[in-house]
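Report on one structure; see the data block that follows.
These numbers come from a predicted model, not from an experiment. In this chain, numbering begins with 1 at the start of the sequence shown.
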Amino acid sequence: MADIQGLDALLAALKAQETIPGGSPHHAAMHAASQDSLRITAELIGRYHSPDEVRALLGELTGREVPGSLQLFPPFSADFGRNIRFGDGVFVNSGCRFQDQGGIEIGAGSLIGHNAVITTLNHEMLPGRRADIHPARVVIGAGVWFGANVTVLPGITVGAGAAVGVPARQAGTVPEG
């Protein structure tokens, strides 16, 4: 990832789930990081890449090594990249879109279906402050299964072993073991 002025301070503010005021230095760093994320995800979807190449690009996107057992089928996009953490054995199907500024943690063995959207930001409701953003982490437990077209909203925690479709509703219980 490019050297982005203020990125470390922004990441600390996002981890603390602090409001990011529109027009602030944090806001500027977030937009600069987003441009780098767009560059990396464009490379990811622009041509065929082997699974190892996909993981290498995801490592560049997240700024950390991703598990060798991670499988992701492009197209995929993330509008920040630096706040995604994948567990071992995660599978992300094609068409997924992550808005990860607030943080996305995906537990080991989770399956993310086609076109899933995971969001971690809300904007301020006051019209004069609409550019302010409120980050809220999304935590997905181990062994979770999201069906196609699931949308996960900011601040949601999905417990281990859960299965979710559209619309989300309890459809039964998952057997233990």
State, to 0.1 Å, how close [X] and [Y] come at their nearest heavy-atom pair, and which atoms those are.
| X | Y | result |
| --- | --- | --- |
| Ser110 | Gly141 | OG-O, 2.9 Å |
| Ala160 | Val144 | CA-CG2, 4.3 Å |
| Ser69 | Gly89 | OG-N, 2.7 Å |
| Leu121 | Gly102 | CD2-N, 4.3 Å |
| Arg129 | Pro21 | NH2-CB, 3.9 Å |
| Ser37 | Gly81 | OG-N, 4.2 Å |

Counting distance only, does the side-chain N/O of [X] pair as donor-acceptor with the main-chain N or O of [Y] below 3.5 Å?
| X | Y | answer |
| --- | --- | --- |
| Thr157 | Ile140 | no |
| Arg64 | Thr62 | yes |
| Arg130 | Met125 | yes |
| Asp132 | Glu124 | no |
| Arg55 | Leu72 | no |
| Asn93 | Ile112 | no |

Inset, instruction - Give the intermediate values and the outcome of side chain to side chain contact (heavy atoms under 4.5 Å, CB included) for residues Val117 and Val152. - result: CA-CA 6 Å; Val117 175; Val152 180; over 6 Å; no
Working to the nearest 0.5 angstrom, can you tell me the gap between [X] [atom1] and [Y] [atom2]?
| X | Y | atom1 | atom2 | value |
| --- | --- | --- | --- | --- |
| Glu105 | Arg137 | CD | CZ | 5.5 Å |
| Ile84 | Leu58 | CD1 | CG | 7.5 Å |
| Ser77 | Ile40 | OG | CD1 | 13.0 Å |
| Arg97 | Asn115 | CZ | CG | 11.5 Å |
| His123 | Thr19 | NE2 | OG1 | 12.0 Å |
| Gln99 | Ser34 | CD | OG | 9.0 Å |

Cluster overlap [X] with [Y], hydrophobic side-chain contacts below 4.5 Å:
| X | Y | answer |
| --- | --- | --- |
| Val90 | Ile156 | yes |
| Ile133 | Ile4 | yes |
| Leu153 | Val150 | yes |

Inset, instruction - Could you tell me whether Glu53 atom CD has more than 12 heavy atoms of other residues or ligands within 6.0 Å of it? - result: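 Enclosed: over 12 neighbouring heavy atoms sit under 6.0 Å from CD of Glu53.
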Are [X] and [Y] close enough that some pair of their side-chain heavy atoms sits under 4.5 Å apart?
| X | Y | value |
| --- | --- | --- |
| Leu111 | Phe146 | no |
| Phe80 | Met30 | yes |
| Leu14 | Ile20 | yes |
| Pro135 | Lys15 | no |
| Asp79 | Gln101 | yes |

Legend entry - Steps toward side chain to side chain contact (heavy atoms under 4.5 Å, CB included) verdict (Glu43, Leu57): CA-CA 8 Å; Glu43 170 65 23; Leu57 285 165; 3.8 Å; yes
Inset, instruction - Test Phe76 against Leu61 for side chain to side chain contact (heavy atoms under 4.5 Å, CB included), laying out the working first. - result: CA-CA 12 Å; Phe76 169 81; Leu61 177 71; 4.0 Å; yes
Legend entry - Phe73/Phe91 aromatic ring centres below 6.0 Å: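 Yes, they do, as the ring centres are separated by less than 6.0 Å.
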Inset, instruction - For side chain to side chain contact (heavy atoms under 4.5 Å, CB included), just list the numbers for Thr41 and Ile45, CA-CA rounded to whole Å, side-chain angles, deciding distance to a tenth of an Å, and then say yes or no. - result: CA-CA 6 Å; Thr41 57; Ile45 65 176; 5.6 Å; no
Legend entry - Residue from Leu10, Leu11, Ile104 passing side chain to side chain contact (heavy atoms under 4.5 Å, CB included) with Asn83: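 Running side chain to side chain contact (heavy atoms under 4.5 Å, CB included) over Leu10, Leu11, Ile104 with Asn83 returns exactly one hit, Leu11.
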Inset, instruction - Would you kindly say whether His134 and Asn122 are connected by a side-chain donor-acceptor distance under 3.5 Å? - result: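 Asn122 and His134 do not have a side-chain donor-acceptor pair below 3.5 Å.
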